[in-house]
Number of protein chains: 2
Amino acid sequence: MARPSLVSDEELVEGLAGVFKAEGFEGASLAALSEASGLQRASLYHRFPGGKEQMAEEVLRSTEAFMQKHIISMLEGDAPVQQRVQDLVKGLRAFYDGGRRNCLLNKLAASGGKQHRLNKQIAAMMQRLTVALGKLAVDAGLKKDAAHARAERTVMLLEGSLVMCRGLGTTTPFESMLRQLPAELLGK
Amino acid sequence: MARPSLVSDEELVEGLAGVFKAEGFEGASLAALSEASGLQRASLYHRFPGGKEQMAEEVLRSTEAFMQKHIISMLEGDAPVQQRVQDLVKGLRAFYDGGRRNCLLNKLAASGGKQHRLNKQIAAMMQRLTVALGKLAVDAGLKKDAAHARAERTVMLLEGSLVMCRGLGTTTPFESMLRQLPAELLGK
DNA sequence: GTCTATAGGAAGATAGAC
DNA sequence: GTCTATCTTCCTATAGAC
């Protein structure tokens, strides 16, 4: 059952992810996806018969798995609260390359009624992250409602800081957000 | 010098703005822009010889003027601080249609080196808003540095809440953000 | 100033050889 | 499984009549 591919599934999806994050769904041309992945258009269609939409789905799925493995499970783990917050900050800084990378969820979220599948995945990921952050806040001693509010605001700050980085052309908002994150999430 | 146009400049730019906010720059097709503005493609090119990029520029310019007139000048005015914050909340709710509309700055901000002009405009608008918010925080008694930090975080929350609304398919994050805004901006 | 018609190219997607 | 070559559709942009 082995599939001796010239480009591993990991490399492939990672390349595609970079394009989707940088260009968004509409902006990600097959030419760019082909170049970034190292495969010709036709080869991409062989692996993703559903075309660009399936590519985006797989990229989301892969990102979700990464988030689950490196962020969510850590947040819901039983390490000391302070340790988990520090790991979160480190993890986010690495994942978003210090504010230089866009958030995939922002760039793939569509306004219109199209891309039902993608929107469902995106909503699920946002909710999962919020819940996990809330869990940490609860472990830090906050009441359920307050913890949820903190978690929601933390996601807002994360997404918003990345929007500001793109808009202003600097990474300072992201770093500023990371500095404030522990106090924001756990109370001040 | 009068130009008896069938579609006023205001209506025109407003129609275009709606498409750019909903679809982003790449996603905004000339067909959609034509339909939303009530003008045929060729007529759009008559008014905007620079094509789609010029349309986006004019939309940004118009939005900037609106922001200046309805938000910035109000924030920098001399009404009581509490009054200004309330006006801000009302203004934002109207402008973003309660969280149903995207932020133009987010949807038009490009990652790559393209669209120099647009990126400059976007950066200027974000900075101007941040500065005006900071002014209000200073008037509320905060020190300059603290006020700037509050202002920056307020913009993050605004942008981030809209991203969450799009991702989750609800407007609750936006409303939640508006409720917390006065305390967030002026201190708690 | 607006339109119909169309040029010219890039987009997403497929066919078939290797 | 990957490629080159191609199809079709949609896109941006222009030409020229009214």
Side-chain angles (χ1 to χ4, degrees), chain A residues 1-20 22-60 107-108 110-118, chain B residues 1-20 22-60 107-108 110-118:
Chain A
M1 279 308 189
R3 297 183 299 169
S5 313
L6 295 190
V7 177
S8 78
D9 281 19
E10 259 188 26
E11 290 172 308
L12 176 52
V13 173
E14 199 163 341
L16 300 179
V19 178
F20 280 121
E23 317 283 353
F25 186 81
E26 329 279 353
S29 69
L30 266 287
L33 293 166
S34 164
E35 187 177 12
S37 64
L39 285 182
Q40 295 296 338
R41 267 173 278 238
S43 306
L44 285 176
Y45 277 94
H46 177 77
R47 298 222 196 171
F48 306 99
K52 204 163 86 163
E53 187 158 343
Q54 190 185 350
M55 297 180 209
E57 278 178 39
E58 297 293 340
V59 165
L60 270 178
K107 297 299 279 187
L108 287 185
S111 312
K114 334 170 200 170
Q115 298 165 294
H116 279 294
R117 280 266 191 52
L118 295 184
Chain B
M1 280 308 190
R3 297 183 302 169
S5 313
L6 296 188
V7 176
S8 79
D9 281 20
E10 259 189 26
E11 291 172 308
L12 176 52
V13 173
E14 198 163 342
L16 300 180
V19 178
F20 281 121
E23 318 283 353
F25 186 82
E26 329 279 352
S29 70
L30 267 287
L33 293 166
S34 165
E35 187 177 13
S37 64
L39 285 182
Q40 295 296 336
R41 268 171 278 233
S43 307
L44 284 177
Y45 277 95
H46 176 77
R47 297 223 196 172
F48 306 99
K52 205 163 85 163
E53 187 158 343
Q54 190 185 349
M55 297 181 209
E57 278 178 40
E58 296 294 340
V59 164
L60 269 178
K107 296 300 277 189
L108 286 186
S111 314
K114 333 169 201 171
Q115 296 167 295
H116 279 295
R117 280 266 193 52
L118 295 184

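So you know, we letter chains A, B, ... as the sequences are listed, proteins then strands, and number each from 1.
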**Q.** For the student: nearest non-hydrogen atoms of B/V7 and B/R47, plus distance
**A.**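 Looking at all heavy atoms of both residues, the closest pair is O-NH2, 2.7 Å.
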Q) To the nearest Å, how far apart are B/L39 CG and C/dT2 P? A)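 In whole Å, C/dT2 P and B/L39 CG are 5 Å from each other.
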**Q.** Whole angstrom value for the distance that separates C1' of C/dG1 from NE2 of B/H46
**A.**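 It works out to 5 Å between those atoms.
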Between the protein and nucleotides 15-18 of chain D, list the N/O to N/O atom pairs that are separated by less than 3.5 angstrom.
none

Q: Examine distances only and state if a side-chain atom of B/K52 and a backbone atom of B/F25 form a donor-acceptor pair shorter than 3.5 Å.
A: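 Yes.
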Q) Would B/E57 and B/F48 count as a side chain to side chain contact (heavy atoms under 4.5 Å, CB included) if you check the C-alpha gap in whole Å, the side-chain angles of each, and the deciding distance to 0.1 Å? A) CA-CA 10 Å; B/E57 278 178 40; B/F48 306 99; over 6 Å; no
Q) Among all residues two or more places apart in sequence or in another chain, which pass the side chain to side chain contact (heavy atoms under 4.5 Å, CB included) test with B/V13? A)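 Expected list: B/V59, B/S62.
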Q: For B/A31, enumerate each residue passing the side chain to side chain contact (heavy atoms under 4.5 Å, CB included) test, keeping only those at least two apart in sequence or located in another chain.
A: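 Scan of B/A31 (side chain to side chain contact (heavy atoms under 4.5 Å, CB included), adjacent residues dropped) gives B/S29, B/R41.
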Under 3.5 Å, sequence neighbours excluded: what are the donor-acceptor pairs made by side chains of residues 33-40 of chain B?
residue: B/S34; atom: OG; partner: B/L39; partner atom: O; Å: 2.5
residue: B/S37; atom: OG; partner: B/L33; partner atom: O; Å: 2.8
residue: B/S37; atom: OG; partner: B/S34; partner atom: O; Å: 3.1
residue: B/S37; atom: OG; partner: B/L39; partner atom: N; Å: 3.4

Q. Mind checking what makes side-chain hydrogen bond (donor to acceptor under 3.5 Å, both in side chains) contact with B/E11, not counting sequence neighbours?
A.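 Per chain and number, B/E11 pairs via side-chain hydrogen bond (donor to acceptor under 3.5 Å, both in side chains) with B/S8.
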Q. Just checking B/A28: base, sugar-phosphate only, or nothing, at a heavy-atom cut-off of under 4.0 Å?
A.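 Sugar-phosphate, no base atom in range.
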(Q) Under the rule for salt bridge (Lys or Arg N to Asp or Glu O under 4.0 Å), what residues qualify as partners of A/E58, not counting sequence neighbours? (A)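 Partners of A/E58 under the salt bridge (Lys or Arg N to Asp or Glu O under 4.0 Å) test: A/R61.
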Using OP1 and OP2 only, check whether a side-chain N or O of [X] sits under 4.0 Å from [N].
X     : N      : result
A/S43 : D/dC3  : yes
B/Y45 : D/dA13 : yes
B/R41 : D/dC11 : no

Q.
Just to be sure I understand the geometry, which residues of residues 49-56 of chain B put a non-hydrogen atom under 4.0 Å away from DNA chain D?
A.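 Under 4.0 Å from DNA chain D: B/G51, B/K52.
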Q | Minimum-distance nucleotide to A/S29 side chain [options: D/dG1, C/dG12, C/dG1] | A |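 Shortest atom-to-atom distance from the side chain points to C/dG12.
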